[in-house]
Amino acid sequence: MRNAEVASLLNELADVMELLGEDRYRVASYRDAAMRIDHLGEAIEDVAREGRLDDIHGVGKSIAAKVSEYLSTGRIAALEERRSRVPAAALTLMKVPGIGPRRALLIARELGVKSIEDLEQALREGKVAQLPRVGTKVAAHILEELSRISSRSQRLPLGVAMSAAQEAVRELERSSAVLEITPAGSIRRMCETIGDKDILVSSTKPEAAIAAFTTMPLVKEVLASGETRASVLSHADLQIDLRVVPPESYGAALQYFTGSKEHNIKLRELAIRRGLKLNEYGVFREETRIAGQTEEDVYAALGLPWLPPEIREDTGEVELALQGQVPPLVGLADMRGDLHAHTNRTDGSSTAEQKARAAETAGYEYLAFTDHSRALGVTGGLTEEEFRKQHEEIRSLQPRFPRVRLLCGVEVDIHVDKRLDCSDDFLAACDVVVASIHSALEQPAEMQTARLIAAMENPNVDIIAHPTGRLLGKRPGYGLDLTALLDAAVRTGTAIEINAQPERLDLNADAVRAAVERGVMLVINTDAHHQSQLPLMRFGVATARRGWAPSDLVLNTRPLGELLRWLARKGQTGRSPA
DNA sequence: GCCGTTTTCGGCCCGACTGTTTTCAGTCG
Ligand SMILES: Nc1nc2c(ncn2[C@H]2C[C@H](O)[C@@H](COP(=O)(O)OP(=O)(O)OP(=O)(O)O)O2)c(=O)[nH]1
Ligand SMILES: [Mg+2]
Ligand SMILES: [Mg+2]
Ligand SMILES: [Zn+2]
């Protein structure tokens with residue numbers, strides 16, 4: 001997939017156009033197209049080859065032509081021509097918080113700054129503060145931002161950000177000025193990574209609420225503080241934004257502060273078409289507020305049903321809501337079990353019994369133990385003989401857990417030559433077989449796709465685990481033809497995992513959306529290495545919801561009996577003639 | 001540059017905070 005690469009070039013083109021003072025709506029069009037291509041869930045080169053670029057919302061004739069040009073020649077003439085007209089450093093400078101297009105151009109042009117190092121020197125020499133509409137305070141602020149630019153540009157996995165946000169929420173709740181309080185922004189939408197923590201508060205004493213916020217012990221620095229909002233930096237250099245509104249505006253502010261930006265713009269445009277105005281204080285007809293107390297009121301005033309935060313991305317949810325519909329989404333309460341977990345026999349850190357107990361407490365109907373096969377030497381992968389012994393032990397455990405069916409399985413490694421690490425006889429005897437790639441991650445995309453499809457064609461393989469191998473913040477995942485993988489999943493009747501580990505979330509939401517459109521059977525697994533990880537299920541469910549997955553496309557929402565029939569089904573069709 | 005249950009042309013979200021401002025530009029959410 002070259003989507004990220006294409007999106008990055010379109011974003012650069014937008015930046016250069018902005019520096020050149022071109023029409024802001026055109027600039028916005030390029031940014032919009034870049035965002036949509038980045039989240040397409042399908043390889044842009046496939047779309048281009050099939051002449052479907054124009055079908056992408058936000059991509060018209062002009063941008064389609066530039067994408068085609070890039071994919072066939074490796075260049076975009078319009079970008080190269082514009083690049084030659086702006087100082088190269090201006091593009092880098094724009095990435096520093098506090099430097100937008102105007103200041104970037106001034107600093108590059110007037111001061112001859114060519115790099116971040118030059119910028120730092122110019123700041124220290126007081127040259128930046130001499131520029132028009134830049135003073136000593138702005139210069140000092142930019143210098144501080146510069147010192148933490150690397151730590152600040154990191155996005156945190158949702159799992160980490162969420163608990164940190166809860167900490168701030170608990171702290172603020174102690175203030176009597178705080179009435180209602182909730183995390184908003186990308187945390188409420190359950191995005192896989194979080195750029196900052198956004199917290200919404202309602203209050204009739206906003207000054208007191210803001211004072212409580214800016215004086216929290218976890219605050220290292222106050223970035224901005226006004227009458228309705230404030231931003232601070234925590235000791236870990238994480239930004240926290242607080243928004244304070246009166247109670248009668250809480251619903252409208254929650255809608256605004258939850259986003260996404262694109263969803264907000266869509267709703268505000270809809271309001272305009274209805275002769276209304278939508279902002280964070282309410283829905284207004286002329287000067288009169290007609291909604292604002294609750295989110296439901298706000299959506300209703302626009303003629304829409306309430307929409308779950310996870311799907312507020314302007315990817316079709318508003319159009320659907322205009323017909324009075326909301327896509328049916330899987331929920332945490334639908335989950336009846338977990339089909340991927342490890343024990344301390346391999347790289348897990350607790351026993352099967354401890355996890356079975358936790359599954360029972362969680363109200364699960366089933367739990368599968370799927371330790372690593374032998375190829376994974378580093379994890380102490382088991383031989384078939386060792387697996388058989390483990391499976392016997394698990395079965396002997398079963399009578400003590402009458403409410404949870406303990407399934408005996410394996411996470412079998414897919415070798416680089418496409419062979420599975422276990423014999424067919426052994427796999428056929430397992431209740432659940434999860435297959436995945438852990439080695440030769442640098443192989444080309446065609447090779448990895450062929451490995452996965454070969455595994456799916458084995459009638460004993462029920463699930464492909466963490467299909468892309470990406471690790472958030474660590475590695476992008478091996479190359480893969482996602483469309484071919486999903487088609488093969490449908491053809492072979494194999495379920496595709498949404499791995500709920502916060503660093504994996506693999507498939508991601510965009511890929512889930514593509515899978516759902518094809519009717520692929522999904523399964524949400526925690527890959528728990530310790531029973532304390534069973535609650536990670538919520539992050540997998542959130543990813544499924546962000547991909548518009550309904551419960552009937554999630555295998556482990558099924559009752560035990562149906563699950564067992566589904567697991568038996570593939571082996572059957574594999575053995576009997578078509 | 002894109003788009004269309006009011007449009008194929010004429011719109012395109014709306015507001016807060018900061019600083020240097022002599023009335024508001026720049027940046028960010
Ligand atoms: N109407 C409107 N709302 C915006 C705009 N920018 C941001 N918002 C709203 C929606 C966002 O979800 C919310 C918080 O802004 P953030 O910049 O923190 O974005 P968000 O939390 O969605 O993503 P993040 O993970 O922080 O990058 O504020 C905008 O330009 N217009
Ligand atoms: Mg945010
Ligand atoms: Mg924010
Ligand atoms: Zn695993």
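Computation of the quantities below employed the complete heavy-atom set of this structure, encompassing side-chain atoms and omitting hydrogens, waters and symmetry-equivalent molecules. It should be emphasised that the depicted structure is a prediction, and the values quoted were computed from it without experimental measurement. In what follows, every chain begins at residue 1, and chains take the letters A, B, ... in the order their sequences are listed.
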Taking only the C1' atom of each, what is the distance from dT6(B) to dG11(B) in whole angstrom? 13 Å
Could you measure between the two P atoms, the one in dT21(B) and the one in dG26(B), and give it in whole Å? 13 Å
Extract from the structure each pairing of a protein N or O with an N or O of nucleotides 16-19 of chain B at less than 3.5 Å, listing the distance.
unit_1	atom_1	unit_2	atom_2	d
dA16(B)	OP1	Tyr281(A)	OH	2.9
dA16(B)	O3'	Thr228(A)	OG1	3.1
dC17(B)	OP1	Glu227(A)	N	2.7
dC17(B)	OP1	Thr228(A)	N	2.8
dC17(B)	OP1	Arg229(A)	N	3.1
dT18(B)	OP1	Ser225(A)	N	2.9
dT18(B)	OP1	Ser225(A)	O	3.3
dG19(B)	N2	Arg133(A)	NH2	2.9

Report which part of the nucleic acid Ile63(A) touches: base, sugar-phosphate, or nothing (heavy-atom distance under 4.0 Å, all strands). sugar-phosphate
Which whole-number value in Å describes the distance from Phe284(A) CZ to dC13(B) C1'? 14 Å
Does any non-hydrogen side-chain atom of Val67(A) lie less than 4.5 Å from one of Leu10(A)? yes
Here's a test of your reading of the structure: between Lys66(A) and Tyr25(A), which maps to the more 5' nucleotide of DNA chain B? Lys66(A)
So, does Gln239(A) get its side chain near the phosphate of dG29(B), meaning an N or O under 4.0 Å from OP1 or OP2? yes
Using a cut-off of 4.0 Å on non-hydrogen atoms, how would the nucleic acid contact of Leu322(A) be classed: base, sugar-phosphate, or nothing? nothing
Are any of the side-chain heavy atoms of Leu522(A) and Val330(A) separated by less than 4.5 Å? no
Nearest-angstrom distance, P atom, dG4(B) to dC13(B): 15 Å
Mate of dG29(B) across any strand shown (Watson-Crick or G-U wobble, both atom pairs under 3.5 Å) is dC14(B)
Does the pair Tyr250(A) and Leu200(A) meet the rule for a side-chain contact (heavy atoms from CB on, under 4.5 Å), with working shown? CA-CA 8 Å; Tyr250(A) 189 70; Leu200(A) 176 68; 3.6 Å; yes
Distance in angstrom units between Lys197(A) NZ and dG29(B) C1', rounded: 17 Å
Please report, rounded to the nearest Å, how far the C1' atom of dG11(B) is from the CZ atom of Arg268(A). 18 Å
Taking atom P in both dC3(B) and dT8(B), what distance in whole Å separates the two? 16 Å
Tell me what Leu278(A) touches on the nucleic acid: a base, only sugar-phosphate, or nothing, going by heavy atoms under 4.0 Å. sugar-phosphate
I need the CG-P distance between Asp54(A) and dC2(B), as an integer number of Å. 8 Å
With a 4.0 Å cut-off on heavy atoms, is Asn264(A) in touch with a base, just the backbone sugar-phosphate, or nothing at all? nothing
Which whole number of Å gives the distance between the C1' atom of dT7(B) and that of dC2(B)? 13 Å
Please confirm whether the shortest side-chain N or O distance from Lys266(A) to OP1 or OP2 of dC12(B) is below 4.0 Å. no
Take atom CZ of Arg273(A) and atom P of dC3(B), then tell me their distance rounded to the nearest Å. 14 Å
Base, sugar-phosphate alone, or nothing: which one does Arg26(A) contact when heavy atoms must sit under 4.0 Å apart? base
Which donor-acceptor pairs under 3.5 Å do the side chains of residues 166-181 of chain A make with protein atoms, sequence neighbours left out?
unit_1	atom_1	unit_2	atom_2	d
Ser175(A)	OG	Ala177(A)	N	3.2
Glu180(A)	OE1	Ser202(A)	OG	2.7

For Glu192(A), the option from Arg155(A), Arg470(A), Arg546(A) that meets salt bridge (charged side-chain N to carboxylate O under 4.0 Å, His left out): Arg470(A)
Just so I know, are the side chains of Pro467(A) and Asn499(A) near enough to count as touching, which here means a heavy-atom distance under 4.5 Å? no
Checking all strands, does Lys61(A) fall into the base, sugar-phosphate, or nothing category for heavy-atom contacts under 4.0 angstrom? sugar-phosphate
Using atom P of each nucleotide, how far apart are dT20(B) and dT27(B) to the nearest Å? 14 Å
Contact between Arg103(A) and Leu93(A) at the side-chain level, heavy atoms closer than 4.5 Å - yes or no? no
How far does the C1' atom of dT23(B) sit from the matching atom of dT18(B), given to the nearest Å? 15 Å
In whole Å, what is the span from the CD1 atom of Ile265(A) to the C1' atom of dG29(B)? 11 Å
4.5 Å side-chain heavy-atom contact, Leu471(A) and Arg504(A): yes
From CZ of Arg189(A) across to C1' of dG29(B) the rounded distance in Å is 12 Å
Closest-nucleotide 5' rank along DNA chain B - winner of Arg274(A) and Val27(A): Val27(A)
Using atom CG of Asp314(A) as one end and atom P of dC12(B) as the other, report the distance to the nearest whole Å. 17 Å
Answer with base, sugar-phosphate or nothing: what part of the nucleic acid does His57(A) contact at a heavy-atom distance below 4.0 Å? sugar-phosphate
Heavy atoms under 4.0 Å, any strand shown: does Tyr30(A) hit a base, just sugar-phosphate, or nothing? sugar-phosphate
Is any side-chain heavy atom of Met35(A) less than 4.5 Å from a side-chain heavy atom of Lys261(A)? no
